[in-house]
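A short write-up of the structure that comes next.
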Amino acid sequence: MPLRRRLAEVHSGPIRVLHLEDDPQDAELVEDLLREENLDIEVRHADDEVGLREALAEFKPDIVLSDLSMPGFSGHRALAIVRESAPSLPFLFVSGTMGEEAAIEALRQGATDYILKSQPARLAPATIRALVEAADQRARDQAEQELVRSQRYESLALLAGGLSHDLRNILQPLLIAAPMIAERAGTDQGVVKFARMIETCAKRGMDMVASMLSFARGARQINPSLPVGQLFRATELLLQGTRPRSMALSVQLSDDGLAVAANETELQQCLLNLCLNAIQAMPPDGTLTLAADVAELEQADINADEPAVPGRYLRLSVIDTGVGMSEEVRARLFTPFFTTKEGGTGLGLLSCRRIVDNHQGVMRVHSTPGVGTRFEIYLPMAQAATERERQDYDGRGRHVLVVSEEAGRLSIVADGLRLHNYRCTLARSGAAALVYLDDVPSAEVESEGAEQGLPHAVVLDGEMRLLPVARVLTELRYRNYAGLVVLAGAEDVPEAARAGLQLVEVGQTGSLPDLLAALDRLGSPQDTRN
Ligand code: ADP
Ligand code: MG
């Protein structure tokens, strides 16, 4: 793309030019040269240190042009001052007297370029180039920062996820035992009080666990059609600083239009981790290949512990001509903190796999010692449509009563539903749900938008113990509940208990996508009123 067009893309508004020059004629000449090229510029002049510092602070130039020597001030001194506060601000020497040695010295000190007054035609192109390169550098720095930030976030999420599962296992028995103690305390009010205290604290703990879990899962944005070309270009850009110049990079896209449903930041990070590993495994004259094509996975290609299903997959490959790995290393690749590098974290591949898992994909490794390694990521392609559907679920403000004895599950489900525009009421047991339904005054059912209105749907956790789910269903039928009843992960509910209800069952864990799909069967809000 011509640099002029790139400049228009990366820079809007007038270009602020600070020109350090003591000769008014030369100043005018330079300004004319830039305007002749139709550059929209705003120029400020200075010819001493005070003027320069003032201009840096107030005028905030996009670029500095500087004469080599001014009375009482030198261009080299100016460059040093500019570099102190603005290491990446383009700085061009414009001089009539610059010898080759002085020019080389200027570049060594951090000047962006130099233009001899005898070559006026170079001024505008050099200015444009410097501005575009500075903008590109800023974009790269920003992308790098974003990556570091997301990697930190990723490890934090990993930690929070692990920790919250452990904590839940510790708190769960307290939640069950405390009410039992209270029950058996008889008339001893002291014991009852302590038992309640234990229960309250355990519940608070569970709430914290729930919010940790929802952090660990993160608010993931799935782009239903993320172009692979874009992903590869960004990876290339991010690797620019890390990849030795002598290392070849080959990008192979089987089809320019390849796209996949994925979270861009996560997938980007995944590719980057694999590329960094590949670069670290290779001599400086190796070849790094990024490839993308479409591949079929059959049932036999998928291990039992993997969330993937047979079908069409986008295959992303990161291939190096590096040292390869031994069987021992291969076997331990995804073990947390396993590294063969001094200063390695041993978390890169683990984080990759977590990301690929989250996308219902799989990872594969092929490696030959002394020859090289190929990492492959398979991401489901048909998912593009289903993910889009998931994103589009809209509760249109309908009211759902969510019932679960597990505080964590309760708030996760409710948070998820609220994100999809449902209003939620939470009940911590089947009994609490029934009491709630009985208390809804029928008058309020008519009032539009009242959170207290009769719920359009009831979501029941199938694993409830205090009041078994079959009992809750029976009670709902006694009350002629006409809304949708979604049963999540229930086993052995007798046929009789289901009768007379508008019932939908969803899978084991009652995962949110399944739940949303089930609730989506609801008609318009009025349809479900008694
Ligand atoms: P780290 O890079 O911090 O060591 P990773 O989880 O990214 O952690 O990688 C774990 C280990 O897997 C590495 O230390 C290395 O031994 C091995 N490994 C990963 N990628 C490659 C590769 N492309 N070639 C050879 N070995 C690799
Ligand atoms: Mg690594």
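Each ligand, and each atom within it, is numbered from 1 in the order the structure gives. Values in this document were obtained by computation on a predicted structure and should not be read as measured data.
E328 and R332 are not joined by a salt bridge, as no carboxylate oxygen comes within less than 4.0 angstrom of a charged side-chain nitrogen.
Close approach of ligand 1 to G344 is summarised as follows: ligand atoms under 4.0 Å from at least one heavy atom of the residue are 3 (O). Atoms of ligand 1 found under 4.0 Å from any heavy atom of L333, numbered from 1 in the order shown, are 12 (O), 17 (C). If you number the atoms of ligand 1 from 1 as listed, the ones under 4.0 Å from a heavy atom of F338 come out as 10 (C). The atoms of ligand 1 that sit less than 4.0 Å from any heavy atom of T345 are 3 (O). Distances below 4.0 Å separate heavy atoms of A281 from the following atoms of ligand 1: 22 (C), 24 (N), 25 (C).
A 6.0 Å sphere centred on CZ of R428 holds more than 12 heavy atoms belonging to other residues, nucleotides or ligands. Within a 6.0 Å radius of CD in E101, no more than 12 heavy atoms belonging to other residues, nucleotides or ligands are found. The number of heavy atoms from other shown groups lying within 6.0 Å of CZ (R204) does not exceed 12.
In summary, the side chains of D293 and S254 do not present any donor paired with an acceptor at a separation below 3.5 Å, with no hydrogens or angles considered. No side-chain N or O of Q230 forms a donor-acceptor pair with one of R233 less than 3.5 Å apart.
Contact analysis puts G324 in contact with ligand 1, with a non-hydrogen atom separation below 4.0 angstrom. At least one heavy atom of F375 sits less than 4.0 Å from an atom of ligand 1.
At a heavy-atom cutoff of 4.0 Å, ligand 1 is contacted by the side chain of D320 but not by its backbone. Of the heavy atoms in T373, only side-chain atoms (C-beta onward) come closer than 4.0 Å to ligand 1.
Taking only nitrogen or oxygen atoms, main chain and side chain alike, L349 reaches within less than 3.5 Å of ligand 1. Checking only distances, G346 does come within under 3.5 Å of ligand 1, N or O to N or O.
Shortest non-hydrogen contact noted between M381 and V294 is SD-CG2, 3.8 Å.
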